[in-house]
Amino acid sequence: MTFTDELRARFEDAGQGHVFAHVDSLEPEAAARFAAELAEVDLELVGRLAAVLEVPDGAAADPKLEPCTVINGAEPAEEEWIAGMLSLAAGEVGFVLVAGGQGSRLGFDGPKGAFPVGPLTDRTLFDWHAGRILAAGRRHGFRPTWAVMTSRTNDEATRAFFAENDHFGMPAEDVWFFSQDMLPALDEDGRILLSGPGELFLAPNGHGGTLQALSKSGVLGRFAERGVKTLSYFQVDNPMARPADPLFVGHHVMNGSEMSSKVVPKRDPMEKVGVLGLVDGVLGCIEYSDLSEELRETRTADGDLVFNAGNIAVHMIDCGFVERLNAGGDLDLPWHVARKRISTIDDAGAPIQVDGVKFETFVFDALGRAKATVTLEVDRAEEFSPVKNAEGADSPATCRADLSRLGRSIIGRSGDTVEVDPRAAETADEFAERGLSVIERAGGLLVEPGA
Ligand code: UTP
């Protein structure tokens, strides 16, 4: 029997017996699939998530918010730079790209990393990242390993896209894929939602899920076998992220940091970006909406915003720290709830829309658990231009314009649309040192490796 008495009893005891409402209408194959899906649901966790909903919004005490210490990345730091280069050259840094999100704001049909953003060549997000990693291997003389986190909704398509593109020039055995967990969405009463008869409404468990998935998937162990000690964490939507920055690696290593972060100064007080800061004395990310207007606007004697450490979700994370976080078997990061209208079905099987809740953990919540941290401020114009929305701020249009502007500054020209393949050069100095030439091409100027 597909839906065993034991399975039914478990769900009924947890107050979730309604998930079986439509099973009599399922074909045997669909029934078997659904039973397997149900067997994987961690009902104890679902119970804890439902309990989160019982805490009224705003029930938490008003925390004390303070700015955190930030190192200015523009200041000379030769020792750190050298330490970072040595660590990279020794192959101690492994690369972790998180690409398990749903990209719903962009609304692109396919994994977000397959989205084209090259100002001249339509180079995809994945290609930008691969190029930067390959160039780091060439620059520092090591064999890079790249782990890409997907989720169930895009895992197959992501692997296929990498295979079709010959892994963007990386040896296939150096590119690993691993998937984060999915969680059922709940209604406001904590009942598991179905997306159709015999189908749970599942959503990825947030980028905090990376820390658990690294361990659960065995990827952390495989990194250790390759001699990797620190993970360079970055997100799929920012093609300007520099995953192998010797300065960042060096600050991380020399400070004995367990988790380090890059930040950029906020554009203005109203920019809707989270800032790193101390929450009741503990380092974390303060969401835009959690900062009062007064704190948002407060400035130092120099005129800078006091809460100015805009979080760009670029981290160095020690492998030992990830192991420690997973040691108890439960990552224990706080749950964030996202309330959305969700298309589901009622007990009679009719499609309806309800107010539902998705649950996520966030990677930056691990900062407060690290014994030592480093926060490094970098130049937004060089390192941050995410593709989040279909139009307006942080969209393909702004990202292409930023990549072109960066290209112009690398080759020292103004006016044209420019695209510099990250495999060729990341900075103006590197462009000059390598003696690369600029190719004229319809619509602008292109720099390619070896050109
Ligand atoms: P976002 O918070 O921008 O979410 O993710 P998203 O899912 O990509 O986009 P929206 O909100 O639906 O429009 C920031 C980064 O974290 C990854 C994303 O793939 C992106 O690289 N992420 C997010 C995951 O890997 N897993 C998640 O569960 C959530």
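Indexing begins at 1, ligand by ligand and atom by atom, following the structure's order.
Sparse packing is recorded around CD of E294, with 12 or fewer heavy atoms of other residues, nucleotides or ligands lying under 6.0 Å away. The local environment of CD in E29 is sparse, with at most 12 non-hydrogen atoms from other residues, nucleotides or ligands closer than 6.0 Å.
Defined by atom type and a distance below 3.5 Å, a donor-acceptor pair is present between the side-chain atoms of S87 and E92.
The pair R33-E37 does not meet the salt-bridge criterion, since no charged nitrogen lies less than 4.0 angstrom from a carboxylate oxygen.
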Enumerate the pairs of nitrogen or oxygen atoms, one from ligand 1 and one from the protein, separated by less than 3.5 angstrom; state names and distance to 0.1 Å.
unit_1   : atom_1 : unit_2 : atom_2 : d
ligand 1 : 3 (O)  : R105   : NH2    : 2.9
ligand 1 : 3 (O)  : K388   : NZ     : 2.8
ligand 1 : 7 (O)  : Q102   : N      : 2.8
ligand 1 : 7 (O)  : G103   : N      : 3.2
ligand 1 : 9 (O)  : G103   : N      : 3.4
ligand 1 : 11 (O) : R105   : NE     : 3.2
ligand 1 : 11 (O) : R105   : NH2    : 3.0
ligand 1 : 12 (O) : G103   : N      : 3.4
ligand 1 : 12 (O) : S104   : N      : 2.7
ligand 1 : 12 (O) : S104   : OG     : 2.5
ligand 1 : 13 (O) : S104   : N      : 3.2
ligand 1 : 13 (O) : R105   : N      : 2.8
ligand 1 : 13 (O) : R105   : NE     : 2.9
ligand 1 : 19 (O) : G100   : N      : 3.4
ligand 1 : 19 (O) : G101   : N      : 2.9
ligand 1 : 21 (O) : V98    : O      : 2.8
ligand 1 : 21 (O) : V236   : N      : 3.1
ligand 1 : 25 (O) : G100   : N      : 2.8
ligand 1 : 25 (O) : G101   : N      : 3.4
ligand 1 : 26 (N) : Q180   : OE1    : 2.7
ligand 1 : 26 (N) : Q180   : NE2    : 3.4
ligand 1 : 28 (O) : Q180   : NE2    : 3.1
ligand 1 : 28 (O) : G206   : N      : 2.8

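Pairs of residues two or more places apart, or lying in two chains, that qualify as salt bridge (charged side-chain N to carboxylate O under 4.0 Å, His left out) and include a residue from residues 153-171 are D155-R159.
Note that CD of E360 and CG of L333 are 12.5 Å apart. Values are rounded to the nearest 0.5 Å.
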